[in-house]
Amino acid sequence: MNLVLFEQDRDFIVQPLRHGQMDYLEPVTEALEADLFRQLLGRQILQRLAETFPTPRQKEEVPVWLYLASQISLRLHRAAGYHAFPYVIRTGGLLAALGPAVGRQAVHPGSGVASVSCPGFNHKNRYDRQTPCDQDFLRKFARDTDSGRLQAWFNAQAPRLLRSLKLFDAEGLFVGDASYLFVPDNEHYEHSAKLLFDEHHHPVDPQKVDPRDRRYQWRRCYKLVSLIHVNRSLEFFLVVGGAGGCRAEACAPARPGAGPTGT
DNA sequence: GGTTCCACCCGTAGTCTCCA
DNA sequence: TGGAGACTACGGGTGGAACC
C-alpha cells in the first residue's frame with residue numbers, strides 16, 4: 001500500500017487511523033497482487049488465454065494479455081469503472097509484476113510524491129503515460145467485444161485451463177448456482193427484468209403473494225447462472241462456466257421463496 | 001491513399017451528496 | 001424531501017501513428 005501524506009494532512013488522516021477509524025480498507029495488497037500476476041505471467045497463463053480471446057480488433061497494438069491482466073486487477077480492487085484504472089495501476093501490484101519494460105514507479109526524493117512512467121505500446125500519446133495503456137482503450141475494447149463469443153470463450157477456456165493446471169479435484173464435484181445481480185431501475189440496462197423479491201432477496205411469484213406487502217419489492221436485475229467446482233471439504237471453489245442475462249421468462253422463479261440469494 | 005487502432009477530448013445522462 | 005451541484009460512466013468524434 002502506498003500512502004503519501006503532506007504535513008498538514010497527517011493529523012487529519014493518521015490520528016483517525018490510530019484509533020481504528022477507517023471508511024474503507026483495500027482488500028488486496030500490492031505484494032499479493034504482484035505475486036498473483038507473476039504466477040499468471042510466468043506460467044504463460046494470461047498469454048495462453050489471450051491467444052484464444054475473441055478480440056474485436058483486426059490488428060493488435062496493445063496486447064490482449066495486458067487487457068486481461070488489467071481487467072483482473074480492476075476486479076481485484078473492486079473498481080466499478082475504467083475511470084479508476086490509473087489509481088489501480090498506481091497502487092496495485094500489476095506494474096511490479098510486469099517489470100520496467102511496461103512501467104516503473106518512482107517516488108520523488110524531495111516531495112515524496114509517487115509517480116508512474118510507462119513507455120506504452122505505441123507512440124500515439126501526447127502526454128507522459130501514467131498507465132501502460134489508456135483507460136479508454138480498456139473501456140472500448142470491452143464494449144466492442146461480442147458478449148456471446150466472450151461467454152463461449154470463457155466456458156470453453158476456463159475448464160480447459162484449470163484442467164491443464166491440474167486444479168480439478170479428483171472427486172469431480174460441480175455445483176450449479178443462480179444469483180441475481182441487482183441494478184438501478186433503469187430500462188437502459190438491456191435484457192434486464194423487474195422481478196418481485198422478498199426481504200431475503202428471494203424472487204417470489206407476484207401471483208401468489210400480495211405485492212402491496214412492504215416485505216416485497218420490485219427490483220430490476222440480471223440472472224447469473226454459474227457452474228462451480230468444489231471439493232467435499234469446501235476448501236476452494238472454482239467458477240468453470242456461466243451464463244448471464246435476464247429476460248423475464250428466463251428469470252422467473254422456479255419455486256417461489258426458494259431462490260438463491262442476491263449477489 | 002485507405003484502413004485500423006488508440007490517445008485524447010467533449011457532451012450528455014445518470015447517480016450521488018449536500019443543504020435548505 | 002426536493003433541488004442544485006458535483007461526480008462518474010459512457011458514447012462519439014478527432015487526429016496522429018502504423019501498416020498495407
Side-chain angles (χ1 to χ4, degrees), chain A residues 9 12-13 16 21-28 46-47 49-92 94-95 98-106 114-151 153 180-195 197 201 212 214 217-222 224 244-246 262-263:
Chain A
D9 298 329
F12 180 70
I13 295 173
Q21 300 169 8
M22 48 187 87
D23 296 322
Y24 173 69
L25 184 65
E26 179 62 49
V28 180
L46 286 178
Q47 296 89 331
L49 288 173
E51 285 171 7
T52 55
F53 188 85
T55 174
R57 300 288 175 254
Q58 295 180 30
K59 67 172 186 175
E60 178 180 299
E61 290 185 15
V62 179
V64 175
W65 60 260
L66 179 71
Y67 168 76
L68 294 175
S70 302
Q71 288 285 12
I72 293 170
S73 188
L74 285 166
R75 298 292 91 74
L76 284 173
H77 289 265
R78 297 183 183 178
Y82 298 100
H83 178 80
F85 186 56
Y87 308 112
V88 167
I89 282 293
R90 195 149 54 231
T91 60
L94 176 58
L95 216 54
L98 293 172
V102 176
R104 68 176 72 221
Q105 193 171 46
S115 63
V116 175
S117 173
C118 301
F121 296 92
N122 53 42
H123 300 288
K124 297 177 178 178
N125 58 305
R126 272 180 277 170
Y127 302 99
D128 291 340
R129 293 177 191 269
Q130 301 283 312
T131 52
C133 62
D134 194 81
Q135 67 203 51
D136 267 352
F137 159 77
L138 298 176
R139 179 167 63 87
K140 293 181 178 181
F141 191 99
R143 189 190 60 184
D144 293 342
T145 302
D146 182 83
S147 59
R149 291 180 64 204
L150 179 66
Q151 188 170 291
W153 170 81
Y180 292 92
L181 175 66
F182 298 122
V183 295
D185 186 15
N186 183 330
E187 60 189 20
H188 289 146
Y189 285 94
E190 294 180 5
H191 307 309
S192 63
K194 283 187 81 170
L195 300 179
F197 287 86
H201 305 306
R212 292 168 299 181
R214 296 185 67 177
Q217 277 190 313
W218 287 99
R219 302 188 70 178
R220 187 172 290 277
C221 66
Y222 288 100
L224 173 67
C246 200
T263 52

- request: Check whether any side-chain nitrogen or oxygen of A:N122 sits under 4.0 Å from OP1 or OP2 of B:dC5, and answer yes or no.
  value: no
message: Side-chain N or O of A:R57 versus OP1/OP2 of B:dC6: is the shortest distance under 4.0 Å?
response: yes
Rounded interatomic separation in angstrom, taking [atom1] from [X] and [atom2] from [N]:
X: A:F85; N: B:dA7; atom1: CZ; atom2: P; answer: 10 Å
X: A:K140; N: B:dT4; atom1: NZ; atom2: C1'; answer: 14 Å
X: A:E60; N: C:dC20; atom1: CD; atom2: P; answer: 14 Å
X: A:F141; N: C:dC10; atom1: CZ; atom2: P; answer: 17 Å
X: A:D144; N: B:dC5; atom1: CG; atom2: C1'; answer: 11 Å
X: A:L74; N: C:dA9; atom1: CG; atom2: P; answer: 11 Å

From C-beta outward on [X], which listed nucleotide comes closest to its side chain: [options]?
X: A:D134; options: B:dA7, C:dG12, C:dA9; answer: B:dA7
X: A:R143; options: B:dC9, B:dA7, C:dG12; answer: C:dG12
X: A:Y82; options: B:dC8, C:dC10, B:dC6; answer: C:dC10

task: Return yes when atom CZ of A:R129 has more than 12 non-hydrogen atoms of other residues, nucleotides or ligands closer than 6.0 Å, and no otherwise.
output: yes
message: Within a 6.0 Å radius of atom CD on A:Q217, are there more than 12 heavy atoms belonging to other residues, nucleotides or ligands?
response: no
Contact nearer the 5' end of DNA chain B, comparing A:E61 with A:R139: A:E61
message: Quick check on DNA chain C: between A:H83 and A:D136, whose nearest nucleotide comes earlier from the 5' end?
response: A:H83
task: Check whether any side-chain heavy atom of A:V102 sits under 4.5 Å from a side-chain heavy atom of A:P119, and report yes or no.
output: no
task: Report the relative orientation of the aromatic rings in A:F53 and A:W153; use parallel for angles under 30°, tilted for 30 to 60°, perpendicular for over 60°.
output: perpendicular
